[in-house]
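Chain identifiers are assigned alphabetically (A, B, ...) following the order of the sequence lines, protein sequences preceding nucleic acid strands; residue numbering begins at 1 within each chain.
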Amino acid sequence: MILTLNERNKDFFESVFAVVRLIPAGRVTSYGAIAKYLGTAKSSRMVGWAMNASHQIPGIPAHRVVNRNGMLTGKMHFSNEKEMENLLTTEGIEAVNDVIVQFKLIFWDPTIELAMD
DNA sequence: GTCTTGACGTTTA
DNA sequence: CTAAACGCCAAGA
């Protein structure tokens, strides 16, 4: 179910969680992409903030969300720094030096994959 | 109430 | 090319 955050204020967190949950294994996306999809492209920080709250919610593959540079910026927020990289590796995502390899190829853009019309 | 900080991203210098 | 500033908005102090 595609979320339509028209109000963009109502349940921002919930929307972010929904999108993140839709990210298929082996794929990754960026905070900005999610923010853009939600209509808050300029507030990409809020996405990251929402992700921080996602810790309390199970089923949120936060490890599949990285910054625009493909860098594992949020690894420090996991139980262990290697946790995020480990999870990515398990899903077939290669990450070296805290940076996802072939990031562009496995990049999952909600604005495209979810095909908002 | 104000001020600082922050899982970001884009634009200038 | 790299470094710094700005915008954006929410939460904690």
Side-chain angles (χ1 to χ4, degrees):
Chain A
M1 105 315 176
I2 310 303
L3 51 158
T4 49
L5 187 68
N6 294 330
E7 298 298 310
R8 77 196 357 210
N9 227 60
K10 198 164 174 286
D11 298 280
F12 183 81
F13 283 43
E14 200 174 309
S15 302
V16 174
F17 300 152
V19 175
V20 175
R21 269 187 274 228
L22 293 175
I23 302 174
R27 295 287 190 97
V28 292
T29 189
S30 62
Y31 307 94
I34 297 173
K36 191 179 216 175
Y37 176 73
L38 297 178
T40 57
K42 294 175 180 182
S43 304
S44 48
R45 294 182 147 179
M46 300 299 90
V47 178
W49 192 257
M51 296 305 296
N52 193 357
S54 73
H55 277 285
Q56 65 186 332
I57 303 174
I60 306 295
H63 58 277
R64 295 182 192 154
V65 183
V66 294
N67 65 354
R68 185 65 178 98
N69 198 33
M71 185 177 180
L72 312 186
T73 49
K75 66 171 192 172
M76 61 178 82
H77 292 277
F78 283 78
S79 305
N80 302 318
E81 288 187 17
K82 292 187 175 184
E83 183 65 15
M84 187 172 185
E85 185 176 333
N86 186 21
L87 289 169
L88 291 172
T89 304
T90 302
E91 296 185 356
I93 301 173
E94 188 179 2
V96 178
N97 193 11
D98 302 336
V99 180
I100 296 175
V101 181
Q102 309 247 294
F103 171 68
K104 281 181 74 173
L105 297 179
I106 64 176
F107 181 66
W108 186 82
D109 192 342
T111 61
I112 297 175
E113 303 298 333
L114 299 182
M116 59 191 296
D117 197 292

Which nucleotide in the list C:dC8, B:dT10, B:dA7 gets nearest to the side chain of A:Arg68?
B:dT10
Between B:dA7, C:dC8, B:dG9, spot the one nearest the side chain of A:Met51, thanks.
B:dA7
Separation of B:dA7 atom C1' from A:Ile100 atom CD1, nearest Å, is 13 Å
For atom CE of A:Met84 and atom C1' of B:dA7, their distance in whole Å:
8 Å
The reported gap from CD1 in A:Ile106 to CD1 in A:Ile23 (rounded to nearest 0.5 angstrom) is 11.0 Å
Looking only at non-hydrogen atoms, find the nearest pair between A:Gly26 and A:Glu91 and report the distance.
N-OE1, 3.3 Å
Residue A:Lys42, side-chain heavy atoms: nucleotide from C:dC8, B:dA7, C:dA10 that is nearest
C:dC8
Distance check needed: C:dC9 P versus A:Tyr31 OH, whole Å only.
20 Å
As a test of reading the structure: which of B:dA7, C:dC9, B:dG9 is closest to the side chain of A:Met46, going by heavy atoms?
C:dC9
Determine the Euclidean distance between corresponding C1' atoms of B:dA7 and C:dA3; express it in Å to zero decimal places.
22 Å
Select base, sugar-phosphate, or nothing to describe what A:Phe78 touches, counting heavy atoms under 4.0 Å on all strands.
base
When you measure from the side chain of A:Asn67 to the backbone N and O of A:Asn69, does any donor-acceptor pair fall under 3.5 Å?
yes
Under 4.0 Å, heavy atoms only, any strand: does A:Ala50 hit a base, just the sugar-phosphate, or nothing?
nothing
A:Glu85 CD - B:dA7 P separation (whole Å)
19 Å
For A:Ser44, answer base if it contacts any base atom (sugar-phosphate contacts may also be present), sugar-phosphate if it contacts only those atoms, and nothing otherwise; contact means non-hydrogen atoms under 4.0 Å.
base
Has the side chain of A:His63 got a donor or acceptor that lies under 3.5 Å from a partner of the other kind on the base of B:dA7?
no
Mark yes or no for whether A:Gln56, through its side chain, and A:Ala53, through its backbone, hold a donor-acceptor pair below 3.5 Å.
yes
From NE2 of A:His55 across to C1' of B:dG6 the rounded distance in Å is 13 Å
Could you state the CH2-P distance from A:Trp49 to C:dA10, rounded to the nearest angstrom?
12 Å
Please give, in whole Å, the distance from B:dA7 P to A:Phe17 CZ?
16 Å
From the options C:dC9, B:dG9, C:dA10, select the nucleotide whose nearest atom is closest to the side chain of A:Ser30.
B:dG9
Under 4.0 Å, heavy atoms only, any strand: does A:Asn52 hit a base, just the sugar-phosphate, or nothing?
base
Over how many whole Å does the gap from A:Leu38 atom CG to C:dC9 atom P extend?
14 Å
Can you say whether the rings of A:His77 and A:His55 are parallel (under 30°), tilted (30 to 60°) or perpendicular (over 60°)?
tilted
Give one of base, sugar-phosphate or nothing for A:Ser54, where a contact means two heavy atoms less than 4.0 Å apart.
base
